[in-house]
> 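Submitted below is the structure of interest, expressed as structure tokens.
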Amino acid sequence: DIKGRFAFVPVSNKQVNFKLCKVVRKFLGPNKVPYMVTHDARTLRFVDPKIKVNDTIRVNLQTGAIVDHYRLHQGNVCLLTNGNNKGRVGTVTNIVAKPGKIDVVTLTDVNGKRFTTRLANVFAIGNGDKPEIKLPK
């Protein structure tokens, strides 16, 4: 919830079959095969070159295939996973890349309040302002 506490949310049968995973690392392996590692230690081979680090992928749990991906850029809805704003959901309004330092993301929630956090704390959960997962109220 908004105070950073874990809250159970009932999900529909449609949402049971997929999982959202944040891309943590992307590299070329042996024989120049592209690999990608997610936040839950999944290693995927032969990934779409459009998917970048910090993007979120939607993985089908039965087949393990990538169904969709959500870019981390302005206008997309995101969930914060760490920091003082843990559990807050907002729309990305600005991303400031500081080479050699910590990248900062500015978000705006549904009440119009703006807050900033580190790029590593942000998890994209949908395109535009429509989240792909059910959120607690």
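All figures in this text were calculated on a predicted structure; none of them were measured in a lab.
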> Going from CG on N121 to CG on D103, what distance comes out if it is rounded to the nearest 0.5 angstrom?
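Between atom CG of N121 and atom CG of D103 there are 11.5 Å.
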> Which heavy atom in K50 sits nearest to a heavy atom in D55, and how many Å separate them?
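Here K50 and D55 meet closest at O-OD2, 4.1 Å.
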> So do I125 and E132 actually touch side chain to side chain, heavy atoms under 4.5 Å?
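Not in contact.
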> Would you mind reporting whether L61 and N17 have side-chain heavy atoms less than 4.5 Å apart?
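With C-beta onward as the side chain, the pair stays apart.
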> Which residue pairs satisfy the side chain to side chain donor-acceptor pair (under 3.5 Å) criterion with at least one member in residues 22-33, sequence neighbours excluded?
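Pairs touching residues 22-33 that pass the test: none.
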> What do the steps show when you test N94 against Q74 for side-chain contact (heavy atoms from CB on, under 4.5 Å), and what is the final call?
CA-CA 6 Å; N94 191 15; Q74 288 182 344; 3.9 Å; yes
> Can you name the nearest heavy-atom pair linking K98 to I102, along with the distance?
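Heavy atoms of K98 and I102 come nearest at CD-O, 3.8 Å.
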> What is the minimum heavy-atom distance between L20 and H39, and which atoms define it?
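For L20 versus H39, the nearest heavy atoms are O-CE1, 3.7 Å.
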> Same cluster or not: are F123 and L135 linked, directly or through other Ile, Leu, Val, Met, Phe, Trp or Tyr residues, by side-chain heavy atoms under 4.5 angstrom apart?
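Per the 4.5 Å side-chain linkage, F123 and L135 are co-clustered.
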> For a quick test of reading the model, state the closest non-hydrogen atom pair linking C78 to A124 and the distance between them.
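Closest approach of C78 to A124: SG-CA, 3.7 Å.
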> More than 12 heavy atoms of other residues, nucleotides or ligands under 6.0 Å from CG of D48: is that the case?
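Yes, because the 6.0 Å sphere around CG of D48 holds more than 12 heavy atoms from other groups.
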> Quick check: is L28 connected to F46 through a chain of hydrophobic side chains (ILVMFWY, heavy atoms under 4.5 Å apart)?
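No, F46 and L28 fall in different hydrophobic clusters.
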> Nearest 0.5 Å please: distance from the OG1 atom of T108 over to the NZ atom of K113.
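It is 12.5 Å, given to the nearest 0.5 Å.
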> In the structure I gave you, are the side-chain heavy atoms of V47 and Y35 within less than 4.5 Å of one another anywhere?
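When only atoms from C-beta onward are counted, Y35 and V47 do not touch, as no gap falls below 4.5 Å.
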> Any chain of hydrophobic side-chain contacts (each under 4.5 Å) joining L80 to I95?
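Result: yes, single cluster for both.
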> Measuring from I51:CD1 to I66:CD1, what's the distance to the nearest 0.5 Å?
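If we round to the nearest 0.5 Å, I51:CD1 and I66:CD1 are 4.0 Å apart.
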> Any side-chain heavy atom of H73 within less than 4.5 Å of one from V92?
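No; the side chains remain at least 4.5 Å from each other.
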> List for me each residue that meets side chain to side chain contact (heavy atoms under 4.5 Å, CB included) alongside Q15, sequence neighbours excluded, and say none if there are none.
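With neighbours one apart ignored, the set is V11, S12, F18, K134.
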> Give the minimum heavy-atom separation between G90 and L107, together with the two atoms involved.
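Answer, listing the atom of G90 first, then L107: O-CD2, 3.7 Å.
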> Between V96 and T116, does the side-chain contact (heavy atoms from CB on, under 4.5 Å) criterion hold? Intermediate values first, please.
CA-CA 10 Å; V96 178; T116 59; over 6 Å; no
> How far apart are the C-alpha atoms of D40 and K19, what are their side-chain angles, what is the distance that settles it, and do they pass the side-chain contact (heavy atoms from CB on, under 4.5 Å) test?
CA-CA 11 Å; D40 62 345; K19 180 178 182 178; 2.8 Å; yes
> When you measure from the side chain of N76 to the backbone N and O of R71, does any donor-acceptor pair fall under 3.5 Å?
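Side chain of N76 to backbone of R71: a pair is present.
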> Specify the closest pair of heavy atoms between V24 and T38, including all atoms of both residues, with the distance to one decimal.
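It is CG2-C, 3.7 Å.
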> Is any side-chain heavy atom of V77 closer than 4.5 Å to one of V89?
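V89 vs V77: side chains touch.
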> What pairs of residues pass the ring-ring contact (aromatic ring centres under 6.0 Å, His included) test when at least one of them lies in residues 50-71, not counting sequence neighbours?
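The answer is none; no pair qualifies.
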> Supply the atom-to-atom distance L79 CG to K86 NZ, rounded to the nearest 0.5 angstrom.
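These two atoms lie 11.0 Å from each other.
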